[in-house]
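The analysis underlying the following values was restricted to heavy atoms, covering all of them including side chains, and did not include hydrogens, waters or symmetry mates. In each ligand, atom 1 is the first atom listed, and ligand 1 is the first ligand listed. Bear in mind the structure is a predicted one, so any value in this text is a computation, not a measurement.
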Amino acid sequence: RKLGVALVGLGGYSKWQLAPALLDTKYCYLAGIVTGTPSKGKEWMRTYNIPKENVYNYDNFDEIAKNSAIDIVYVVLPNSMHADFSIRAAKAGKHVICEKPMAVSVAECDAIINACNKAGVKLSVGYRMQSDPYTNEVKRLVKEKPFGTVQYVSSDAGYYSGGNPNQWRLNKKLSGGGALVNMGVYAIQSNIYGTGTNPISVSAQEFSTRPEYFKDTDETITAQMQFPNGAVGNLFTSHNANANRLFVSFKSGWVELNPCHSYGPLAGRTSEGRGISFPHRSQQLIQMDDFAKHILTGSTNFAPGEMGKRDMIIVEAIYKSIKEGGKTIPLNLGNMGIVS
Ligand code: NAD
C-alpha cells in the first residue's frame, strides 16, 4: 500500500512543489492536509480529492493520531514552527519529514530527534538534493576519486530578495535567521558532499549593504571551512545576490554544478569536458519516495535528523564566528549525518 502523507502548511512550497509531486510518487500519496485557512482547505480537498476527515487545522492537529490513513506528516511551516509540529507529529505516532532548516537551534533539533526516537517513528529533513542524481554524481566522483582527492570546494547559494520586507523569512522570530538558515544550508550541505567529510573548523564574515530592507536578519555571509584531509571549503550565501553553484577541485581535475540546488533541470561538467546531464525528474518526488521506501523496506534514509542537526551546529558556529570577529571555531562532528 502507498503511504499517506499529510502536508502541514499549504504555502508556496507545498502548493507548487510537494503536492504536484505527490500525484506521481509511487510509494506515497497526498492523503491529508493541515491548514489554518478553511477556504484553502476546501480548495485543496477539491483539487486533490482529499476526504473531509483527513483535513486538520493547527489546533485539532493532534487528533491526527487517530487517523490510520496518515502515515507521514510533512512539516512545511515557517522555520520556528518546525520543532513544535514535528514533535507533535511524532507524539501522534506519525513518521516525520521536517522542512529545512530543520529548526532554529541545535537544542530544537535534539528535541525533534528525541521525540521521534521515543515514539519509534522515522525522521527525515526536506533535503531534496540528497536524492538528486546530479548531487549523487558529485558524491560518486568524491568517493571513487577518478580525479584524485578533493583539495578545494566552493559553494554559493543565494537569491536577490527585493519584494515584501515584512515576509516571515526576514522576521527572525519566525525564520531563526536570514540567508544562512534559508539558503546557506544548501552551501553547507554541498561543501560536505563535495568533500565527503564534515568540516573540522569554520570562520565567517557578515556583510550588510541594505540594512533598511534586512532589518532583522543576515543579508550576506561568507565562510571558510577546513576539512580533515586538508581540503579547504568556501561558502557564500545571500538574500542580496543570485548564486547557485558548486565547484569541487580535485588533485587532477574538477567538477562544477551550475545551477546546483534549484529544482532543476540542473547542469554540470567536469575538467575533461564531459557534460553531466540526467533526464529531468521532480526532486521532491524522488525525495518523498526515497523516504517512503525507507519506511516500507528499511532502505537508506538519505536525509536523517542527525544531518539536519549537524547543519544547525555549523550554522550556530558560523554565527558565533561572526559575533567574535571572524574567529576560527573548531568543530567536533566526526561522521555525524554523513550518509554513504
Ligand atoms: P510560505 O510563506 O509560502 O508558506 C508558509 C505557510 O505557513 C503558509 O501556508 C502560511 O499560511 C503558514 N503559516 C502558519 N503560521 C504562519 C505564521 N505565523 N507566519 C507565516 N506563515 C504561517 O513558505 P514556504 O516557501 O512554503 O516555506 C515553508 C517551509 O518550507 C520553510 O521552512 C522553508 O524553508 C521550506 N522550503 C523548502 C524548500 C526546499 O526546496 N526544500 C523550498 C521552499 C521552502
Asker: Should K15 be listed as contacting ligand 1, given a heavy-atom distance under 4.0 Å as the test?
Answerer: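 K15: no contact with ligand 1 (<4.0 Å).
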Asker: Atom 17 (C) of ligand 1: which of G36, P78, G11 has the nearest heavy atom?
Answerer: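 Comparing heavy atoms across G36, P78, G11, the nearest one to atom 17 (C) of ligand 1 lies in P78.
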Asker: Taking only heavy atoms of G126 into account, list the atoms of ligand 1 that are under 4.0 Å away from them.
Answerer: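 Here the atoms of ligand 1 in question are 41 (N).
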Asker: Counting non-hydrogen protein atoms only, what is the nearest one to atom 25 (O) of ligand 1? Give residue, atom name and distance.
Answerer: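 Protein heavy atom with the smallest distance to atom 25 (O) of ligand 1: R169 NH2, 2.9 Å.
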Asker: Heavy atoms only: which of Y127, W16, Y13, W168 is nearest to atom 23 (O) of ligand 1?
Answerer: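 Checking each option, the heavy atom nearest atom 23 (O) of ligand 1 is found in W168.
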Asker: How does V76 reach ligand 1, if at all, at less than 4.0 Å between non-hydrogen atoms: by side chain, backbone, both, or neither?
Answerer: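 Answer for V76: both.
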Asker: My understanding is that only one of I200, V202, N198 makes a side-chain contact (heavy atoms from CB on, under 4.5 Å) with L331; could you say which?
Answerer: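 It is V202, the one option of I200, V202, N198 that forms the side-chain contact (heavy atoms from CB on, under 4.5 Å) with L331.
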Asker: Would you mind reporting whether I97 and V75 have side-chain heavy atoms less than 4.5 Å apart?
Answerer: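 No. Closest side-chain heavy atoms not under 4.5 Å.
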Asker: Report the part of Y186 (side chain from C-beta onward, or backbone N, CA, C, O) that has a heavy atom under 4.0 Å from ligand 1; answer both or neither where that applies.
Answerer: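 Contact part for Y186 vs ligand 1: side chain (C-beta onward).
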Asker: At less than 4.0 angstrom from any non-hydrogen atom of L174, what atoms of ligand 1 do you find?
Answerer: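 Once the distances to L174 are compared, the set is 18 (N), 19 (N).
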Asker: Only heavy atoms count here, so choose which of N79, V34, V75, T37 is nearest to atom 32 (O) of ligand 1.
Answerer: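 Selected option, by shortest heavy-atom distance: N79.
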Asker: Of all the atoms in ligand 1, which lie at a distance below 4.0 Å from a heavy atom belonging to K100?
Answerer: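 What qualifies from ligand 1 is 32 (O), 33 (C), 34 (O), 35 (C), 37 (C), 41 (N).
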Asker: Using heavy atoms and a 4.0 Å limit, tell me yes or no: is K40 in contact with ligand 1?
Answerer: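 It does, in that a heavy atom of K40 comes within the 4.0 Å cut-off of ligand 1.
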Asker: Would you find more than 12 non-hydrogen atoms of other residues, nucleotides or ligands less than 6.0 Å from N60 atom CG?
Answerer: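 Atom CG in N60 is packed in, count exceeds 12.
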Asker: For atom 30 (O) of ligand 1, which candidate among E99, M129, R128 holds the nearest heavy atom?
Answerer: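 Looking at heavy atoms only, E99 sits closest to atom 30 (O) of ligand 1.
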Asker: So, do V8 and L77 sit near enough that their side-chain heavy atoms are less than 4.5 Å apart?
Answerer: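 Sidechains of L77 and V8: in contact.
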Asker: Between G12 and ligand 1, is there a nitrogen or oxygen pair with a distance under 3.5 Å?
Answerer: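 N/O-N/O distance below 3.5 Å exists for this pair.
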Asker: Would atom 10 (C) of ligand 1 count as contacted, meaning some protein heavy atom under 4.0 Å?
Answerer: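 Not a single protein heavy atom is under 4.0 Å away.
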Asker: Closest non-hydrogen protein atom to atom 29 (C) of ligand 1, residue and atom name please, with distance?
Answerer: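 Here the closest protein heavy atom is L77 O, 3.4 Å.
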Asker: Any N or O of Q284 that comes nearer than 3.5 Å to an N or O of ligand 1?
Answerer: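 Between Q284 and ligand 1, no N or O pair is found under 3.5 Å apart.
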Asker: Centres of the Y127 and Y186 rings: under 6.0 Å?
Answerer: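 No, the ring centres sit 6.0 Å or more apart.
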Asker: What residue and heavy atom of the protein are closest to atom 12 (C) of ligand 1, and at what distance?
Answerer: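 Looking at atom 12 (C) of ligand 1, the protein heavy atom closest to it is Y58 OH, 3.8 Å.
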Asker: Quick one: are R269 and I276 in side-chain contact, heavy atoms under 4.5 Å?
Answerer: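 Heavy-atom side-chain distance check fails, nothing below 4.5 Å.
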Asker: Apply salt bridge (charged side-chain N to carboxylate O under 4.0 Å, His left out) to the pair D156 and R245, showing each step before the final yes or no.
Answerer: CA-CA 5 Å; D156 309 332; R245 193 179 74 106; 3.6 Å; yes
Asker: Once you measure the plane-to-plane angle for H239 and F214, does it fall in the parallel (<30°), tilted (30-60°) or perpendicular (>60°) bin?
Answerer: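 Answer is parallel, since the angle falls under 30°.
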Asker: Under 6.0 Å from the ring centre and within 45 degrees of the ring axis: does the NZ or CZ of R210 meet both conditions for the six-membered ring of Y213?
Answerer: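 Yes, a cation-pi geometry.
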Asker: I would like to know whether M225 and V232 meet side-chain contact (heavy atoms from CB on, under 4.5 Å); could you show each step before the answer?
Answerer: CA-CA 6 Å; M225 299 180 209; V232 170; over 6 Å; no
Asker: Any salt bridge linking K320 with E324? Criterion: basic side-chain nitrogen under 4.0 Å from a carboxylate oxygen.
Answerer: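 So K320 pairs with E324 through a salt bridge.
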Asker: Mind checking whether H82 contacts ligand 1 via backbone (N, CA, C, O), side chain (CB onward), both or neither, at a 4.0 Å heavy-atom cut-off?
Answerer: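 Only the side chain of H82 comes within reach of ligand 1.
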